[in-house]
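Taking it in order: structure first as structure tokens, then the write-up.
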Amino acid sequence: MGCAYFLVLLFLAVGLTLLVRAAAGYQGAGRTLTKDVLVLGIAGVVAVLGAGAYLKFARRWVREREAEEARRAGFPDQPWRWKKEWTSGIIETQDRAGTAMLWVGAIFWNAISFGALGALLSRGIRKPGEYFVWLFPLVGLGLLAGAVYKTIQARKYGRPRFLMSRLPGAIGGYVGGMIEVPARVTPESDVRLALRCIRRETRGSGKNRSTREVVLWEHEERIVPERLVSGPGRTEVPVLFFVPDTCGPTDDTDPNNEVVWRLGAQAAVPGVDFAATFTVPVFRTGETAAPPEPGKPVLDDYRSGPPDPGMLREAGVRREAGAWFFSASPLGGTRLVFTALSLGFVALWVGLLRQETPWIAWMISGLFGVFILMFTFDLWLARFELRIGPEEITVRQPRPWGTKETRVARRDVARVEPAKSMSVGTTQYYRLELAGIDGPEVAGANASFRARKLEFRIRQALQRGTGENDPGLQELREQLRHQPKFSVAFAKHIPGTEMAEKIGALIMADIRGGK
């Protein structure tokens, strides 16, 4: 607290000094409000008000820290009671804080980008490469549009709360309760609920500080609109998830390596869609429960059974007789953003070609530009066709330079495996692969990356002349024998674990049927 008082006194001294100088300038100018006097006066008032606001914030922070330390001492074995926002079991949404940060970022970005653009236009564009500056205000307008949308969303749905039925959520047990929305929610389709365990990793320091989020576990459920509990000016959404015993608990002991649990709810609504996110406490309490039966929902209000055509369409999947078609249509907004960025880099390179450009500028712009272009092409060209014939399964990937076609024997397909492909925010996207039965020792043309890696290590061991009886070589051969005979990707960017697993189960049912 001593450091806080020092900063308050410093800001107060600076503010008073500026106000005194402004008053002296006002008197010296014959009681005329000049530009310099106005600037000094405003700066002084801001410094004094800032000192008062910082003092209030510091006192509140100290009180909350002392209260948290008291809760830690009173409940040393119950970390879910340490945080004030968890003690009542009523979890407030954190979307408003995210909206405020989005506004700050949008205002800051637009102030700099439009200021630079105004300065450039005032002196005139002299080089073709300077047209690239227009890209930054366009990004700023996108940020501003996002901030406006989130603000309208907050005003429409108020401040949703998650009322936990049991505090905390239990590892090896359940996370349940009710999402209470202080507004009528009339979704056009299912309400999507997702519970995720996320590791937040912070690296670097200062300007190089960055935070990365990795989804460790996730599960999704859907509720049909008819199951929502609605009343005058309110809506309640039931929530219930089973958490496997293999998951890790909430852990914020290391600020640079945290484990957090987030509950998200989304629904397509006419006008502005509904969305809410909650950070929930999930710990090992010693109390466990039996897991739900496979293939059955844990809550009667959840939609059970395989996904219908509407749900498949939302995931970019279309099903016809004997054929499946996949695209990255769920990432339509992401495709447009990266397409605009790619066009911006192309325009930049055209401008750089018309002038003498240092090699460092080419290297930096080329490094980022090529990555953006490759990702953009992947989003647009991630289209697959899977046809299930009587004897063979054919996977086609149409591309501008020709269609890639892969054929595998239908009887050799052992399973459909989902694998992580990418993340957009906290949404994890998956690719689907046809995995064959355990193959021979030598990997085939469609072998998985792991099989190829094992085969490479075996060749290295043979070149070193370790001998056929070497235990390490025998272990590598044994691992290779238990690898699938082939691994063929036939879909990319399927949103969510639950949807990827359900689509994989439908395709395996088609493959097994009629054999």
Side-chain angles (χ1 to χ4, degrees), residues 60-61 63-98 159-181 192-202 211-221 236-266 275-292 298-299 302 425-428 497:
R60 179 181 176 183
W61 183 83
R63 287 196 302 268
E64 291 181 352
R65 290 290 298 177
E66 291 175 348
E68 182 175 330
E69 291 299 326
R71 290 192 293 270
R72 286 175 180 264
F75 305 98
D77 300 327
Q78 301 179 30
W80 54 89
R81 295 181 179 270
W82 296 351
K83 289 185 177 294
K84 178 183 177 181
E85 56 268 27
W86 291 345
T87 54
S88 64
I90 301 176
I91 313 299
E92 300 283 348
T93 181
Q94 296 181 335
D95 293 330
R96 290 198 174 187
R159 186 169 241 171
R161 305 185 303 170
F162 176 45
L163 283 62
M164 299 189 69
S165 58
R166 188 180 183 89
L167 184 69
I171 301 291
Y174 288 86
V175 173
M178 191 77 69
I179 296 177
E180 186 181 82
V181 185
R192 300 186 299 276
L193 299 176
L195 182 65
R196 298 182 176 94
C197 178
I198 300 171
R199 182 181 298 280
R200 288 173 49 87
E201 298 176 347
T202 302
T211 300
R212 183 172 72 104
E213 294 191 348
V214 180
V215 178
L216 304 178
W217 177 87
E218 67 175 344
H219 187 75
E220 296 180 358
E221 296 285 2
E236 294 180 350
V237 183
V239 175
L240 188 63
F241 286 91
F242 177 77
V243 180
D245 189 64
T246 54
C247 295
T250 299
D251 184 7
D252 61 353
T253 54
D254 183 1
N256 295 326
N257 189 18
E258 298 179 300
V259 175
V260 298
W261 284 80
R262 289 198 190 125
L263 171 66
Q266 293 180 325
T277 305
F278 309 89
T279 300
V280 297
V282 181
F283 291 90
R284 295 188 184 276
T285 62
E287 299 181 7
T288 59
V298 296
L299 193 68
Y302 288 158
T426 57
T427 302
Q428 185 71 52
T497 308

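In this chain, numbering begins with 1 at the start of the sequence shown.
Without hydrogens or angle criteria, T93 side chain to F278 main chain gives no donor-acceptor distance under 3.5 Å. The closest donor-acceptor contact from the side chain of R284 to the backbone of D245 lies under 3.5 Å.
For the pair V259 and P249, the tightest heavy-atom approach, listed with the atom from each and the gap, is CG1-O, 3.4 Å. Taking both residues in full, the closest heavy atoms of P168 and M164 are given as C-CE, 4.2 Å, listed atom of the first, atom of the second, then distance. Between P238 and L299, the shortest heavy-atom distance links the atoms CB-CD2, 3.7 Å. Between C247 and I171 the shortest heavy-atom distance is O-CG2, 3.7 Å. In terms of heavy-atom proximity, A289 sits nearest to Y174 at CB-CE1, 3.6 Å.
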task = Apply side chain to side chain contact (heavy atoms under 4.5 Å, CB included) to the pair L263 and I179, showing each step before the final yes or no.
result = CA-CA 10 Å; L263 171 66; I179 296 177; 4.2 Å; yes

ask   = Given T250 and T279, is the side chain to side chain contact (heavy atoms under 4.5 Å, CB included) satisfied, shown in steps?
value = CA-CA 10 Å; T250 299; T279 300; over 6 Å; no

Derivation and outcome, side chain to side chain contact (heavy atoms under 4.5 Å, CB included), residues E220 and R192 = CA-CA 7 Å; E220 296 180 358; R192 300 186 299 276; 5.8 Å; no

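Sorted by first and then second residue, the pairs that involve residues 78-87 and meet salt bridge (charged side-chain N to carboxylate O under 4.0 Å, His left out), not counting sequence neighbours, are K83-D252.
Side chains of I198 and R262 form a contact here, defined as non-hydrogen atoms less than 4.5 Å apart. Side-chain contact check for P281 versus W82: every heavy-atom pair is 4.5 Å or farther apart. Residues V239 and L195 are not in side-chain contact: their nearest non-hydrogen atoms beyond the backbone lie 4.5 Å or more apart. C197 places none of its side-chain heavy atoms less than 4.5 Å from the side chain of V282. The shortest distance between side-chain heavy atoms of L240 and S165 does not fall below 4.5 Å.
Atom CD of E180 sits about 12.0 Å away from atom CZ of F162, to the nearest 0.5 Å. Within the model, atoms CZ of R199 and CZ of R212 stand 10.0 Å from one another, a figure rounded to the nearest 0.5 Å. A distance of 8.0 Å separates CG of N257 from CG of D251, quoted to the nearest 0.5 Å. For the atom pair T277 OG1 and I91 CD1, the distance stands at 13.5 Å (nearest 0.5 Å).
Using a 30° and 60° split on the angle between ring planes, F241 and H219 fall in the perpendicular class, above 60°. Ring pair W261/W217 is tilted by interplanar angle, where 30° to 60° counts as tilted. Ring orientation note: the planes of F283 and W80 are tilted relative to one another, at an angle of 30° to 60°.
A salt bridge does not link R196 with E213: none of the charged nitrogens is closer than 4.0 Å to a carboxylate oxygen.
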